[in-house]
Asks: 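Quick one: structure below, then a few questions.
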Amino acid sequence: QVHLVESGGRLVQTGGSLRLSCEVSGLSFEHWAMGWFRQGPGDERDLVAAISYSGGSTNYADSVKGRFTISRDNTKSTVVLQMNDLKPEDTGRYYCGAGSFGTSRYSYEYWGQGTQVTVSS
């Protein structure tokens with residue numbers, strides 16, 4: 001059974017930093033691209049960042065370029081999203097997904113339950 005477990009979300013002030021982690025089990029992690037998506041109430045689940053199965057390619061939403069960094073450790077089956085200079089518009093529930101290296105949520109087959117990030121102004 002595949003499990004993705006996100007952690008690290010919390011309330012933070014504007015300009016602060018957070019590190020989100022996603023631990024994966026039940027699949028061959030090194031064969032899957034990974035993505036972080038954000039979803040607000042009533043909103044679509046949109047890509048924040050994605051990383052290829054090897055870690056050699058990354059893709060970021062324009063709104064987070066230069067502030068967020070996605071990385072993975074295939075020896076630990078973990079993907080991390082380092083979030084710096086946080087803004088109120090970064091608020092949302094962050095989901096970790098495993099799938100192909102795409103920008104759409106439909107490119108990802110497995111999902112975690114999400115972790116809430118709230119950025120206060």
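Bear in mind that the values here come from a model prediction, so they are computed numbers and not experimental data. Residues: numbered from 1 along the sequence shown.
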Asks: So, does Thr118 use its side chain to make a donor-acceptor pair with the main chain of Leu11 at under 3.5 Å?
Replies: no
Asks: When rounded to the nearest 0.5 angstrom, what is the spacing between CZ in Phe37 and CG in Asp46?
Replies: 8.5 Å
Asks: For Gln39, is there any backbone N or O sitting under 3.5 Å from a side-chain donor or acceptor partner on Arg45?
Replies: no
Asks: Hey, what do you get for CZ (Arg93) to CG (Asp43), rounding to the nearest 0.5 Å?
Replies: 14.5 Å
Asks: Please confirm whether the backbone N or O of Gly114 pairs with a side-chain atom of Glu6, one donor and one acceptor, at under 3.5 Å?
Replies: yes
Asks: Does Ser100 reach the main-chain N or O of Gly102 with its side chain, forming a donor-acceptor pair under 3.5 Å?
Replies: no
Asks: Taking Phe68's backbone N and O only, do any of them form a donor-acceptor pair with Gln82's side chain (distance below 3.5 Å, no angle check)?
Replies: no
Asks: According to a 4.5 Å side-chain heavy-atom criterion applied to Ile, Leu, Val, Met, Phe, Trp and Tyr, with indirect links allowed, do Val79 and Val2 form part of one hydrophobic cluster?
Replies: yes
Asks: Taking the basic N atoms (NZ, or NE/NH1/NH2) and the acidic carboxylate oxygens, is any pair closer than 4.0 Å for Asp90 and Arg67?
Replies: yes
Asks: Check this for me: Gln113, atom CD, are more than 12 non-hydrogen atoms of other residues, nucleotides or ligands nearer than 6.0 Å?
Replies: no
Asks: Any side-chain to backbone donor/acceptor pair from Ser57 onto Ser52? Under 3.5 Å, distance only.
Replies: no
Asks: Going through the distances and angles, do Val119 and Gln13 end up as a side-chain contact (heavy atoms from CB on, under 4.5 Å)?
Replies: CA-CA 5 Å; Val119 185; Gln13 291 186 333; over 6 Å; no
Asks: Tell me whether Tyr108 shares a hydrophobic cluster with Tyr60, the cluster being built from Ile, Leu, Val, Met, Phe, Trp, Tyr side chains joined at under 4.5 Å.
Replies: no
Asks: May I ask you to decide if Tyr53's main-chain N or O and Asn74's side chain share a donor-acceptor pair within less than 3.5 Å?
Replies: yes
Asks: Between OG of Ser104 and CG of Leu47, what distance do you get to the nearest 0.5 Å?
Replies: 9.0 Å
Asks: Are Ile70 and Leu4 co-members of a hydrophobic cluster defined by side-chain heavy atoms under 4.5 Å apart?
Replies: yes
Asks: For the pair Trp36 and Ile51, evaluate side-chain contact (heavy atoms from CB on, under 4.5 Å) and give the outcome as yes or no after the intermediate values.
Replies: CA-CA 9 Å; Trp36 283 98; Ile51 188 166; over 6 Å; no
Asks: Looking at Ser107 and Arg105, would you say the former's side chain and the latter's main chain have a donor-acceptor pair under 3.5 Å?
Replies: no
Asks: In Å and rounded to the nearest 0.5 Å, what is the CG to OG1 distance from Leu86 to Thr14?
Replies: 8.5 Å
Asks: Taking distance alone, no hydrogens or angles, what donor-acceptor pairs closer than 3.5 Å link side-chain atoms of residues 15-34 to residues at least two apart or in another chain?
Replies:
| from | atom 1 | to | atom 2 | distance (Å) |
| --- | --- | --- | --- | --- |
| Ser17 | OG | Asn84 | OD1 | 3.0 |

Asks: Please tell me whether Leu81 and Val117 are part of a single hydrophobic cluster in this structure, the criterion being side-chain heavy atoms less than 4.5 Å apart.
Replies: yes
